[in-house]
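Working notes, structure below.
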Amino acid sequence: LPCFSWLYPHELPASFTQLSSLEELNLAVRLQQLPEAFENLTNLRRLTRSRCPELTHLPASLLQLSLLERLVISGCHHRFSPPEIIGQMSALTHLDVSNLRRLPTSIGQLQQLQSLTLSGYGYLDWLPDCLSQLHALKTLALFRCERLSSLPAGIGNLTSLEELAFESTQKSP
């Protein structure tokens, strides 16, 4: 079973964590948090969590997903902050987070990260200097980050960067 998509239920079946061959998990559900038991999903490479207005945190068990390459968290109505442990997810090549309040400084530890997409929706006002440590980064996209006044000083150190997208919906006076 390479892909499992679950749309609009209020809870996941308890047995879903036994899907050890699962490579992709798409959840468009109204859960306040993701289940804690991810350690059995050892082949999971892509996790998408969308339409998640109540999501406030990510479970620590995501660290057990040593093959996780792509993490997308979108549609959160609350301001969402990825935890510091996200820097320990060493296989991540793509990270896409919306309604972002804060980006943890551990993001600089993601040495395989090639694509970083951040949507602040008026909340994100600062990017850590450690972004300059993402030497594999090819794409940096910042959307709806009206409060963000500058990029980190070390942005020029991103020698692999091929695309920089900076889009704000701030209205001019």
Side-chain angles (χ1 to χ4, degrees), residues 5 24-34 38 44-60 62-63 65 67-173:
S5 292
E24 182 170 351
L25 179 59
N26 296 310
L27 299 171
V29 296
R30 295 183 61 90
L31 299 175
Q32 184 170 4
Q33 60 189 17
L34 290 171
F38 272 94
L44 196 64
R45 296 179 186 278
R46 293 169 300 281
L47 174 60
T48 300
R49 178 71 169 89
S50 60
R51 299 181 202 141
C52 53
E54 291 88 16
L55 185 67
T56 56
H57 74 281
L58 296 175
L62 285 180
L63 288 178
L65 304 177
L67 299 178
L68 191 67
E69 299 169 347
R70 181 181 181 96
L71 178 60
V72 178
I73 306 290
S74 66
C76 302
H77 294 301
H78 294 292
R79 292 178 289 171
F80 179 75
S81 293
E84 283 293 329
I85 61 168
I86 204 162
Q88 297 173 33
M89 302 176 80
S90 60
L92 273 185
T93 59
H94 179 92
L95 179 61
D96 184 338
V97 183
S98 70
N99 264 21
L100 191 65
R101 175 178 33 171
R102 182 187 61 83
L103 191 62
T105 56
S106 66
I107 195 87
Q109 298 171 17
L110 298 176
Q111 294 304 302
Q112 301 301 315
L113 196 65
Q114 295 177 13
S115 176
L116 178 60
T117 302
L118 306 173
S119 301
Y121 291 95
Y123 302 118
L124 185 65
D125 60 359
W126 171 81
L127 291 174
D129 289 332
C130 65
L131 280 182
S132 64
Q133 298 170 10
L134 300 175
H135 299 293
L137 196 66
K138 294 180 180 180
T139 302
L140 176 59
L142 304 167
F143 299 109
R144 296 185 178 173
C145 299
E146 293 90 357
R147 295 179 60 200
L148 188 63
S149 59
S150 65
L151 294 174
I155 196 82
N157 295 334
L158 299 176
T159 56
S160 296
L161 196 64
E162 297 172 357
E163 179 182 356
L164 176 61
F166 189 74
E167 178 186 310
S168 176
T169 57
Q170 184 176 13
K171 295 181 180 178
S172 300

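Any value given below was found using the heavy atoms of this structure, including those in side chains, with hydrogens, waters and symmetry copies removed.
L92 CG to S115 OG: the interatomic distance, rounded to the nearest 0.5 Å, is 11.0 Å. The OG atom of S119 sits 6.0 Å away from atom CG of D96, with the distance rounded to the nearest 0.5 Å. Taking CG of L116 as the reference point, atom OG1 of T93 lies at 11.5 Å (rounded to 0.5 Å). Atom CG of D129 is separated from atom OG1 of T105 by 10.5 Å, given to the nearest 0.5 angstrom. Taking CD of Q114 as the reference point, atom CD of E69 lies at 9.5 Å (rounded to 0.5 Å). Here NE2 of H135 is found 6.5 Å from CD of Q133. Values are rounded to the nearest 0.5 Å.
Nearest heavy-atom pair across R147 and D125 is NH2-OD2, 3.2 Å. For A136 against Q111, the heavy-atom pair with the smallest separation is CB-O, 3.4 Å. When all heavy atoms of S98 and S74 are compared, the closest pair comes out as OG-CA, 3.1 Å. Of all heavy-atom pairs spanning P104 and P128, the tightest one is O-CG, 4.1 Å. For A91 against L67, the heavy-atom pair with the smallest separation is CB-C, 4.1 Å. Considering all non-hydrogen atoms of both residues, L68 and R46 come closest at CD1-N, 3.8 Å.
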Which is it for R144 and E146 under the side-chain contact (heavy atoms from CB on, under 4.5 Å) test, yes or no, and what are the steps along the way?
CA-CA 6 Å; R144 296 185 178 173; E146 293 90 357; 4.1 Å; yes
Would V72 and H94 count as a side-chain contact (heavy atoms from CB on, under 4.5 Å) here? Give the steps.
CA-CA 8 Å; V72 178; H94 179 92; 4.2 Å; yes
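Side-chain contact between I155 and L131 is absent, with no heavy-atom pair separated by less than 4.5 Å. Side-chain contact between L127 and L118 is present, with heavy atoms from C-beta onward closer than 4.5 Å. Side-chain contact between I107 and L95: present, with at least one pair of heavy atoms (C-beta onward) separated by less than 4.5 Å.
For T139 (side chain) and E163 (main-chain N/O), no donor-acceptor pair under 3.5 Å exists by modelled atom type.
Within 6.0 Å of the CZ atom in R70, the count of heavy atoms belonging to other residues, nucleotides or ligands does not exceed 12.
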